[in-house]
Amino acid sequence: DVQAKSQATDEQILALSKNMRQLAKETKFTATQTAEAGSFLAMAGLNIKEINEAIAPTLAIAAATNTTVQQSADIMTNIMRGMNMTTSELAHASDVLSMTTASSNTNPIELGEAFKYAGPLANEMGMSVEQTAAMLGQMANAGLKGSIAGTAIRQSFVSLANKGAVMSQEIANANGQMTKQEKTLKRLGVSTVDAEGNIRNLIDIMHELRAAGASSTDIVQIFGARASTALVPLLREGALEATTQLADRLRDAQGSAERM
């Protein structure tokens, strides 16, 4: 049970039980289902305080998207861990997830799977949960979902960090030359790093690449074959604008999960 998995005190369990009973009254879920949600969150490694904060958004996303409490708990903890969020931020994450699935051709299970792969590096490279969700939603509209989309975002950052393929970089260093990625970026006049040498926001980079007239081949040279599969559709007319607009809407997504 939750107490054994979270090593909580009797007093903490009493407070959680009270919270669960209240949520069972306020939501469509039974007391048993609410308790199961708490157990699944404990299995994911959350402590008793985190479970207390995470259980309401977990139930909210389950209700909004018709997923089971187990699926919802798995999705929420994937996003939380991947984007380095605290449980106090999960209510907003739940709203972001609900609005993204309502606005894009994807479902919460696919989106959660995508976040599992994309989240850690996206967060490390300064992308917000809203920007990451919007980009994944736009990729889903192009038929690229789940681990395929998540891996594409992850691989794009790996390529930028390595200045292209690792082997390509080693050969270029040995010969004192630029990689194909560096040559392509120089020709297009686009920089992938800021003045401090940090990798820039991926959406901003894609906007500049499209404005510079980057071709599908250019995208492959910059990001590699695996990532470019999902990034090339973003060059289509209106795709990046739609991504930016959705990200802006997601910032004001408060209450979306409850309304759906």
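- Taking every heavy atom of both residues into account, Ile75 and Gly112 meet most closely at CG2-CA, 4.0 Å.
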For residues 234-245, which side-chain N or O atoms pair as donor and acceptor with protein atoms under 3.5 Å away, sequence neighbours left out?
{"residue": "Glu241", "atom": "OE1", "partner": "Arg210", "partner atom": "NH1", "Å": "3.1"}
{"residue": "Glu241", "atom": "OE1", "partner": "Arg210", "partner atom": "NH2", "Å": "3.3"}
{"residue": "Glu241", "atom": "OE2", "partner": "Arg210", "partner atom": "NH2", "Å": "2.3"}
{"residue": "Thr243", "atom": "OG1", "partner": "Ala239", "partner atom": "O", "Å": "2.9"}
{"residue": "Thr244", "atom": "OG1", "partner": "His207", "partner atom": "NE2", "Å": "3.1"}
{"residue": "Thr244", "atom": "OG1", "partner": "Leu240", "partner atom": "O", "Å": "3.1"}

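- For the pair Phe40/Met76, no side-chain contact is recorded, criterion being any heavy-atom separation below 4.5 Å from C-beta on.
- Smallest separation of non-hydrogen atoms from Ile79 and Ala93: CG2-CB, 4.4 Å.
- Under the 4.5 Å side-chain criterion, counting only non-hydrogen atoms from C-beta, Leu209 is in contact with Leu185.
- Residues Leu111 and Thr100 meet the side-chain proximity criterion, which asks for heavy atoms closer than 4.5 Å.
- With sequence neighbours left out, the side-chain contact (heavy atoms from CB on, under 4.5 Å) criterion links Gln155 to Val158, Ser159, Arg226, Ala227.
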**OP:** Go through Glu50 and Leu41 one step at a time and tell me if the side-chain contact (heavy atoms from CB on, under 4.5 Å) criterion holds.
**Re:** CA-CA 9 Å; Glu50 291 173 327; Leu41 291 169; over 6 Å; no
**OP:** I would like to know whether Arg200 and Glu208 meet salt bridge (Lys or Arg N to Asp or Glu O under 4.0 Å); could you show each step before the answer?
**Re:** CA-CA 11 Å; Arg200 298 173 56 218; Glu208 291 186 14; 2.6 Å; yes
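- In this structure, Gln138 and Leu246 have side chains that are not in contact, with every pair of non-hydrogen atoms separated by 4.5 Å or more.
- Within 6.0 Å of CD on Glu26 lie more than 12 heavy atoms contributed by other residues, nucleotides or ligands.
- Once rounded to the nearest 0.5 Å, the distance linking OG1 of Thr106 with CE of Met139 reads 12.0 Å.
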Could you list the donor-acceptor pairs under 3.5 angstrom formed between side-chain atoms of residues 187-197 and any protein atom two or more places apart in sequence or on another chain?
{"residue": "Arg187", "atom": "NH2", "partner": "Asp218", "partner atom": "OD1", "Å": "2.5"}
{"residue": "Ser191", "atom": "OG", "partner": "Val193", "partner atom": "N", "Å": "3.3"}
{"residue": "Ser191", "atom": "OG", "partner": "Val193", "partner atom": "O", "Å": "2.9"}
{"residue": "Asp194", "atom": "OD1", "partner": "Glu196", "partner atom": "N", "Å": "2.9"}
{"residue": "Asp194", "atom": "OD1", "partner": "Gly197", "partner atom": "N", "Å": "3.0"}
{"residue": "Asp194", "atom": "OD1", "partner": "Asn198", "partner atom": "N", "Å": "2.8"}

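- Counting only heavy atoms from C-beta outward, the side chains of Met20 and Leu16 approach each other to under 4.5 Å.
- The hydrophobic clustering, which links ILVMFWY residues whose side-chain heavy atoms are closer than 4.5 Å, places Val220 and Ile222 apart.
- Rounding to the nearest 0.5 angstrom, the gap separating the CG atom in Leu97 from the CZ atom in Phe115 is 7.5 Å.
- Taking every heavy atom of both residues into account, Met80 and Thr86 meet most closely at SD-C, 4.2 Å.
- Looking at Thr32 and Thr30, their side chains never bring a donor and an acceptor atom within 3.5 Å of each other.
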Original post:
What do the steps show when you test Glu11 against Leu14 for side-chain contact (heavy atoms from CB on, under 4.5 Å), and what is the final call?
Top reply: CA-CA 5 Å; Glu11 185 178 354; Leu14 188 63; 5.6 Å; no
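- Between Leu202 and Met125 the shortest side-chain heavy-atom distance does not fall below 4.5 Å.
- One distance of note links CG of Asn66 with OG1 of Thr101; it measures 10.5 Å at 0.5 Å rounding.
- Among residue pairs with one or both ends in residues 139-151, none qualify as side chain to side chain donor-acceptor pair (under 3.5 Å); sequence neighbours excluded.
- Phe157 is listed as a side-chain neighbour of Met127, based on a closest heavy-atom distance under 4.5 Å.
- Atom CD of Glu113 and atom CD1 of Ile148 lie 10.5 Å apart (nearest 0.5 Å).
- Not a single donor-acceptor pair under 3.5 Å links the side chain of Ser228 to the backbone N or O of Leu231.
- No chain of hydrophobic side-chain contacts below 4.5 Å, direct or via other Ile, Leu, Val, Met, Phe, Trp or Tyr residues, connects Leu144 to Tyr117.
- Thr77 contributes a side-chain N or O that, together with a main-chain N or O of Asp74, makes up a donor-acceptor pair within less than 3.5 Å.
- A distance of 8.5 Å separates NE2 in His92 from CG in Asp252, rounded to the nearest 0.5 Å.
- There is no side-chain donor-acceptor pair under 3.5 Å between Arg251 and Ser128.
- Residues forming a side-chain contact (heavy atoms from CB on, under 4.5 Å) with Ser17 (at least two apart in sequence, or on another chain): Ile13, Arg21.
- Looking at Ser103, its side chain does come within 3.5 Å of a backbone N or O of Met99 through a donor-acceptor pair.
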Enumerate donor-acceptor pairs with a distance under 3.5 Å from any side-chain N or O in residues 52-63 to protein atoms, sequence neighbours excluded.
{"residue": "Asn52", "atom": "OD1", "partner": "Asn19", "partner atom": "ND2", "Å": "2.7"}
{"residue": "Glu53", "atom": "OE1", "partner": "Thr87", "partner atom": "OG1", "Å": "2.3"}
{"residue": "Glu53", "atom": "OE2", "partner": "Lys49", "partner atom": "NZ", "Å": "3.1"}
{"residue": "Thr58", "atom": "OG1", "partner": "Ala54", "partner atom": "O", "Å": "2.8"}

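- Under a cut-off of 6.0 angstrom, the local environment of NZ in Lys25 is sparse, with at most 12 non-hydrogen atoms contributed by other residues, nucleotides or ligands.
- Screening Ile153, Val232, Leu160, Thr229 for a side-chain contact (heavy atoms from CB on, under 4.5 Å) with Phe223, the sole residue that qualifies is Leu160.
- The two residues Ala134 and Ala247 have their closest heavy-atom pair at CB-N, 3.6 Å.
- Separation of atoms CE (Met135) and OG (Ser104) is listed at 12.5 Å; rounding is to 0.5 Å.
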